[in-house]
Number of protein chains: 2
Amino acid sequence: MVILLDFQSDRPIYVQLKEKIIEGIASGRLKLGDPLPSVRSLAKDIGINMHTVNKAYQLLKQDGFIQIHRQKGVVVNPDGMPPADEVYISQLEENLRPLISESICRGMSEADFLSHCRRLFQDIQK
Amino acid sequence: MVILLDFQSDRPIYVQLKEKIIEGIASGRLKLGDPLPSVRSLAKDIGINMHTVNKAYQLLKQDGFIQIHRQKGVVVNPDGMPPADEVYISQLEENLRPLISESICRGMSEADFLSHCRRLFQDIQK
DNA sequence: TTATCTGTTATATAATTTGTATAACAGATA
DNA sequence: TATCTGTTATACAAATTATATAACAGATAA
């Protein structure tokens, strides 16, 4: 699995890494139970610090996307993904709201915005 | 115009302020040419520093949402809003991608995601 | 004219976040 | 025994965020 990060981005590296792994799961390239690299090896591969990888892993573990076993290593949660519960939905809407507001200001129609979402949905799911 | 900010949020105050003003324009509560409070008065109203407001205003000005005249004050850009050009679209998609990826992981259907977007669209436009 | 308001700029400071650098520990494996 | 795992601790540098004062120049109002 190749992970490309944008070091010029204003988005923190550990956030990008977390998002890339979630996208990997969403796309099906990473399946339930699949192993992930150790914090040290992944850090070496990407060329970043071990703790930066660990931070991303801890967030993923905290949200239920992965499991971390003392010596077995890290795996995509074999018991399934966390649900789209109320807490997640309201957080999702808080994140969508400013994106939609600006799109409206810039004259994008609802249909146009939905088209972009549809295309991304298909693109991510491969 | 009342502006409520979440000081506990991980989102910087000046970003929240910028987003609130854009949402105000999107909703129609702020119209082209409408005046905005001075940096000092708005800062005093909200209870934050003048420079924090100024930072939000500078970003809004840089993107073309507002105009700032030396002594006249600040107004919503009377010449219209910035367009949804290629640069904006690609930035929008970069922001949408992680939201959609996580929603897919959590088992949300495309139709369900689009419903949330539609509802927010209607909600923002009043 | 004087006083006040505007955006703007310049400094300085504190707190938090981000990322790196080493080191060590305990458990499992080869 | 040596190596690999996640974990934890400590320290440090850099950038970001937010505040605090202060001053300037142009416009407006008293």
What is the separation between atom CG on B/L59 and atom P on D/dA18, rounded to the nearest whole Å? 12 Å
Which nucleotide in the list D/dA22, D/dT19, C/dG19 gets nearest to the side chain of B/N49? D/dT19
To the nearest angstrom, how far is B/M50 atom CE from C/dG7 atom C1'? 9 Å
Are the side chains of B/F113 and A/R118 in contact, using a 4.5 Å heavy-atom criterion? no
Once you build an axis from the first five pairs and another from the last five of the helix from C/dG7-D/dC24 to C/dC25-D/dG6, how far apart in angle are they, to 10 degrees? 30°
Inter-residue atom distance A/E93.CD - A/N95.CG, 0.5 Å rounding: 10.5 Å
Can you tell me if B/T52 touches the phosphate of D/dT19, counting only side-chain N or O atoms and a distance under 4.0 Å to OP1 or OP2? yes
Measure distances between side-chain N and O atoms of A/H51 and base N and O atoms of D/dA9, and say whether any donor-acceptor pair falls under 3.5 Å. yes
Under 4.5 Å between side-chain heavy atoms, hopping through other hydrophobics if needed: is there a path connecting A/L36 to A/V75? no
Counting only Watson-Crick or G-U wobble pairs whose two distances fall under 3.5 Å, which nucleotide matches C/dA30? D/dT1
Would you mind reading off the distance between B/R11 atom CZ and D/dT16 atom P, rounded to a whole angstrom? 18 Å
Examine A/Y57 and A/L5 and state if one hydrophobic cluster contains both, with Ile, Leu, Val, Met, Phe, Trp and Tyr joined whenever side-chain heavy atoms are less than 4.5 Å apart. yes
Just how far, in rounded Å, is P of D/dG26 from CD1 of B/I68? 18 Å
Any non-hydrogen side-chain atom of B/K31 less than 4.5 Å from a side-chain atom of B/V76? no
I want to check something: taking the side chain as every heavy atom from C-beta on, are A/K61 and A/V74 in contact at a cut-off of under 4.5 Å? no
Once you round it to whole Å, what is the distance between P of D/dT7 and OH of A/Y57? 11 Å
Spacing between B/H69 atom NE2 and D/dT28 atom P, to the nearest angstrom: 13 Å
Quick one: does A/P82's side chain get under 4.5 Å of A/Y88's, heavy atoms only? no
Side chain A/Q16, main chain A/D6, donor-acceptor under 3.5 Å: yes
Could you check whether A/Y14 gets within reach of a base, just the sugar-phosphate, or nothing at all, counting any heavy atom under 4.0 Å? sugar-phosphate
Ignoring the backbone of B/N54, work out which of C/dT9, C/dG19, D/dT7 is nearest its side chain. C/dT9
In residues 31-48 of chain B, what residues come within less than 4.0 Å of DNA chain D, judged by heavy atoms? B/R40, B/I48
Mind checking A/Q58 for me? I need base, sugar-phosphate or nothing, with any heavy atom below 4.0 Å counting as a touch. sugar-phosphate
Rounded off to whole Å, could you give me the CG-to-P distance for the A/D10 and C/dT17 pair? 17 Å
Presence of B/K55 side-chain N/O under 4.0 Å of D/dT17 phosphate oxygens OP1/OP2: yes
Does the side chain of A/L60 come within less than 4.5 Å of A/I22's, by heavy atoms? yes
Mind calculating the distance between CD (B/Q8) and P (D/dT17) to the nearest angstrom? 17 Å
Heavy-atom distance under 4.5 Å between the side chains of B/M108 and B/H116, does that happen here? yes
